[in-house]
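No hydrogens, no waters, no symmetry mates; every other heavy atom, side chains included, goes into these values. All values derive from a computational prediction rather than experimental measurement. Chain naming here is simple, since letters A, B, ... match the order of the sequence lines and numbering starts at 1 in each.
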Amino acid sequence: MPELPEVETVARELRTRIIGKEINQIEALWSRSFQNMCDVEIAGQKILEIGRRGKYLILKLTKTFLIIHLRMTGQVLYFEQQNQCDFDDYIRVVVLFSDDTCILFKDVRKFGRIYHVADPDDQIAHVGKDALDADYEYFSEYLSTSKMNIKAFLLSQKYISGVGNIYADEALFLSGLHPAVISNKIRGKKARFLFENILYVLNNSILNMGSTISDYRDPSGEKGKNQFYFNVYGRAGLPCTSCGTAIEKIRFAGRGTHFCPKCQKNK
DNA sequence: CCATGTACCTGAAGGC
DNA sequence: TGCCTTCAGGTACATG
């Protein structure tokens with residue numbers, strides 16, 4: 001499911017709810033969903049800060065860290081009372097707090113992970129700078145030296161992180177760039193325009209509390225609203241919002257890729 | 001370095 | 001109804 005705007009929405013909501021809380025117990029109902037990679041006891045630690053890099057949530061505890069990646073269908077759900085939890089067949093990890101509140105990690109497809117680590121870099125050192133922390137100098141440095149097609153470049157998390165399939169397609173549409181354009185051919189004003197459009201689609205989606213295609217929910221169980229504002233994602237066959245041409249969907253860089261064949265001719 | 005395929009999982013949707 | 005295929009907000013890894 002979730003890309004940067006959805007994970008950011010989760011981070012913001014969690015900050016208002018679980019900062020300062022003491023963990024009583026963490027239990028994995030599907031063992032692979034929770035990877036305990038350090039010896040320090042979790043019970044008794046408090047949640048001190050909640051950060052994010054790309055699509056990773058970073059919970060700083062008193063001594064160690066919990067790193068959460070939602071992958072395709074993960075949800076972090078918050079409940080005020082442990083006996084009112086909405087348990088179903090897809091709850092993979094349970095975190096109980098000492099004040100009787102809790103969070104449940106729900107994940108239909110079991111791809112998501114919660115890692116317990118001594119140092120966040122043990123898990124996310126390979127992840128590039130968060131898209132919202134990157135400036136244009138940083139972005140263009142990588143763009144100008146990459147021979148990848150631009151769709152694959154944006155999907156890779158090693159340059160800037162947080163952009164996934166939805167926001168890559170949306171940013172390329174706004175930039176008038178075909179997904180197959182080679183990254184280092186995008187220069188000058190076009191490169192800057194692309195960078196601005198990436199920030200725009202991400203920030204705009206955050207304002208709309210993220211996009212819900214099917215599974216994404218925030219910690220309160222609410223859907224996002226940004227899916228109502230897509231220009232190309234999920235709009236195959238529908239008219240381009242700019243020129244009216246039917247939006248095309250192709251398989252590209254291993255993913256479903258949506259674009260306007262008229263507005264994004266630029267190869 | 002770059003592109004592609006596969007694996008990890010489950011459920012929904014479409015074709016027959 | 002049921003069976004089969006394809007697809008899904010992601011990423012790691014193996015192979016040309």
Visitor: Mind checking side chain to side chain contact (heavy atoms under 4.5 Å, CB included) for A/R17 and listing every partner two or more places apart, or none if nothing turns up?
Guide: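 With sequence neighbours excluded, A/R17 shows a side chain to side chain contact (heavy atoms under 4.5 Å, CB included) to A/E13, A/Y78, A/S220, given in chain and number order.
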Visitor: I need the NZ-P distance between A/K106 and B/dG11, as an integer number of Å.
Guide: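 The answer, rounded to whole Å, is 11 Å.
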Visitor: For C/dT1 and B/dA12, measure between their P atoms and round to the nearest Å.
Guide: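 Taking atom P in both C/dT1 and B/dA12, they lie 15 Å apart.
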Visitor: Say we look at C/dT6 and B/dG5: how far apart would their P atoms be, to the nearest angstrom?
Guide: 14 Å
Visitor: Looking only at side-chain atoms of A/Y90, point me to the closest of B/dA3, B/dG11, C/dT11.
Guide: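 Out of B/dA3, B/dG11, C/dT11, the nucleotide with an atom closest to A/Y90's side chain is B/dG11.
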Visitor: If you check every side-chain atom of A/R251, which of C/dA12, B/dC2, C/dC7 has the closest atom?
Guide: C/dC7
Visitor: May I have the distance from A/R71 (atom CZ) to B/dA7 (atom P), rounded to whole angstrom?
Guide: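 Rounding to the nearest Å, CZ of A/R71 and P of B/dA7 are 16 Å apart.
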Visitor: Across the strands shown, which category fits A/Y167 at heavy-atom distances under 4.0 angstrom: base, sugar-phosphate, nothing?
Guide: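 Contact class for A/Y167: none.
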Visitor: Tell me which nucleotide, if any, is Watson-Crick or G-U wobble paired with C/dG2 when both distances must be under 3.5 Å.
Guide: B/dC16
Visitor: Have a look at A/S214 and say if it touches a base, only the backbone sugar-phosphate, or nothing, with a 4.0 Å heavy-atom cut-off.
Guide: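 Base, at least one base heavy atom under 4.0 Å.
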Visitor: What is the distance, rounded to the nearest whole Å, between atom CZ of A/F153 and atom C1' of B/dC1?
Guide: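 After rounding, the gap between these two atoms is 14 Å.
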Visitor: Measure the distance from CG on A/L155 to P on C/dA12 and round it to the nearest whole Å.
Guide: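 Atom CG in A/L155 sits about 13 Å away from atom P in C/dA12.
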Visitor: Take atom OH of A/Y136 as the centre, draw a 6.0 Å sphere, and report whether it contains more than 12 heavy atoms from other residues, nucleotides or ligands.
Guide: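 More than 12 heavy atoms, drawn from other residues, nucleotides or ligands, come within 6.0 Å of this atom.
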Visitor: Does the separation of the ring centres of A/H178 and A/F259 fall below 6.0 angstrom?
Guide: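 A/H178 vs A/F259: aromatic centres under 6.0 Å.
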Visitor: Across the strands shown, which category fits A/D107 at heavy-atom distances under 4.0 angstrom: base, sugar-phosphate, nothing?
Guide: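 Counting heavy atoms under 4.0 Å across all strands, no contact is made by A/D107.
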Visitor: In whole Å, what is the span from the CG atom of A/L70 to the P atom of B/dC8?
Guide: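 Roughly 22 Å, once rounded to whole Å.
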Visitor: Is a salt bridge present between A/R217 and A/E222, judged by a nitrogen-to-oxygen distance below 4.0 Å?
Guide: no
Visitor: Nearest of C/dA8, C/dT11, B/dG11 to any side-chain atom of A/Y233?
Guide: C/dA8
Visitor: Are A/H126 and C/dT11 close enough that a side-chain N or O sits under 4.0 Å from OP1 or OP2?
Guide: no
Visitor: Please report the distance, rounded to the nearest Å, between CE in A/M72 and P in B/dA12.
Guide: 15 Å
Visitor: Could you tell me how far apart A/K110 (NZ) and B/dC9 (P) are, to the nearest whole angstrom?
Guide: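 Between P of B/dC9 and NZ of A/K110: 7 Å.
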Visitor: So does A/H69 get a side-chain nitrogen or oxygen closer than 4.0 Å to the phosphate oxygens (OP1/OP2) of C/dG10?
Guide: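 Checking A/H69 against C/dG10: no side-chain N or O falls below 4.0 Å of OP1 or OP2.
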Visitor: Which whole number of Å gives the distance between the P atom of B/dC8 and that of C/dC3?
Guide: 24 Å
Visitor: Tell me which pairs pass side-chain hydrogen bond (donor to acceptor under 3.5 Å, both in side chains) where either residue lies in residues 245-257 of chain A, with sequence neighbours left out.
Guide: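 Matches after skipping sequence neighbours: A/K151-A/T257.
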Visitor: Categorize A/K249 for me: base, sugar-phosphate, or nothing, with a 4.0 angstrom heavy-atom threshold over every strand shown.
Guide: sugar-phosphate
Visitor: Rounded to the Å, how far apart are A/M148 CE and B/dA3 C1'?
Guide: 9 Å
Visitor: Taking atom types as modelled, is there a side-chain donor on A/S144 or A/N184 under 3.5 Å from an acceptor on the other?
Guide: no
Visitor: Taking the P atom in each of C/dT11 and B/dG11, what is the distance between them to the nearest angstrom?
Guide: 23 Å
Visitor: What's A/G254 touching, base or sugar-phosphate or nothing? Going by heavy atoms closer than 4.0 Å.
Guide: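 Here A/G254 touches no strand at all.
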Visitor: So does A/Q157 get a side-chain nitrogen or oxygen closer than 4.0 Å to the phosphate oxygens (OP1/OP2) of C/dT11?
Guide: yes
Visitor: For A/F111 and C/dT11, are the ring centres under 5.5 Å apart with planes inclined under 30°?
Guide: no
Visitor: Please classify the nucleic acid contact of A/R113 as base, sugar-phosphate, or nothing, using heavy-atom distances under 4.0 Å.
Guide: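 Here A/R113 touches no strand at all.
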Visitor: At less than 4.0 Å, is any side-chain N or O atom of A/N165 found next to OP1 or OP2 of C/dG10? Yes or no.
Guide: no
Visitor: Quick test of your reading of the model: are A/D89 and A/K106 salt-bridged, counting only N-O distances below 4.0 Å?
Guide: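 No, no charged N to carboxylate O under 4.0 Å.
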Visitor: Taking the minimum atom-to-atom distance to the side chain of A/Y56, which one of B/dC2, C/dA12, B/dC9 wins?
Guide: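 Nearest to the side chain of A/Y56 among the choices is C/dA12.
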